[in-house]
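Step one of this worksheet: look at the structure below.
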Amino acid sequence: MTSPPFSDEVLVAARAAAMELELPPPCVAGVINNTRLLQNYAALIRDFPLPDTCEPAGEYTP
């Protein structure tokens with residue numbers, strides 16, 4: 001696996017700038033950690049094998 005072309009810090013700074021969000025330097029590490037955590041959760045959903053024959057839920061009740 002190759003390294004991404006930009007560091008996580010550069011990507012976080014670019015995303016914050018694109019949203020016109022002021023991100024204090026001490027917060028960058030937390031943003032990176034939370035992004036990695038959310039990527040792991042997204043992968044669980046994305047990679048879950050779900051056949052096309054499943055019926056959609058009629059109602060969702062948490």
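The hydrophobic cluster containing V31, built from Ile/Leu/Val/Met/Phe/Trp/Tyr side-chain heavy atoms closer than 4.5 Å, also comprises V12, L23, V28, I32.
Residues satisfying the side chain to side chain contact (heavy atoms under 4.5 Å, CB included) test with P24, not counting sequence neighbours, are P26, C27.
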Side-chain donor-acceptor pairs under 3.5 Å in residues 36-62, sequence neighbours left out?
residue: R36; atom: NH2; partner: D8; partner atom: OD2; Å: 2.3
residue: N40; atom: ND2; partner: R36; partner atom: O; Å: 3.4

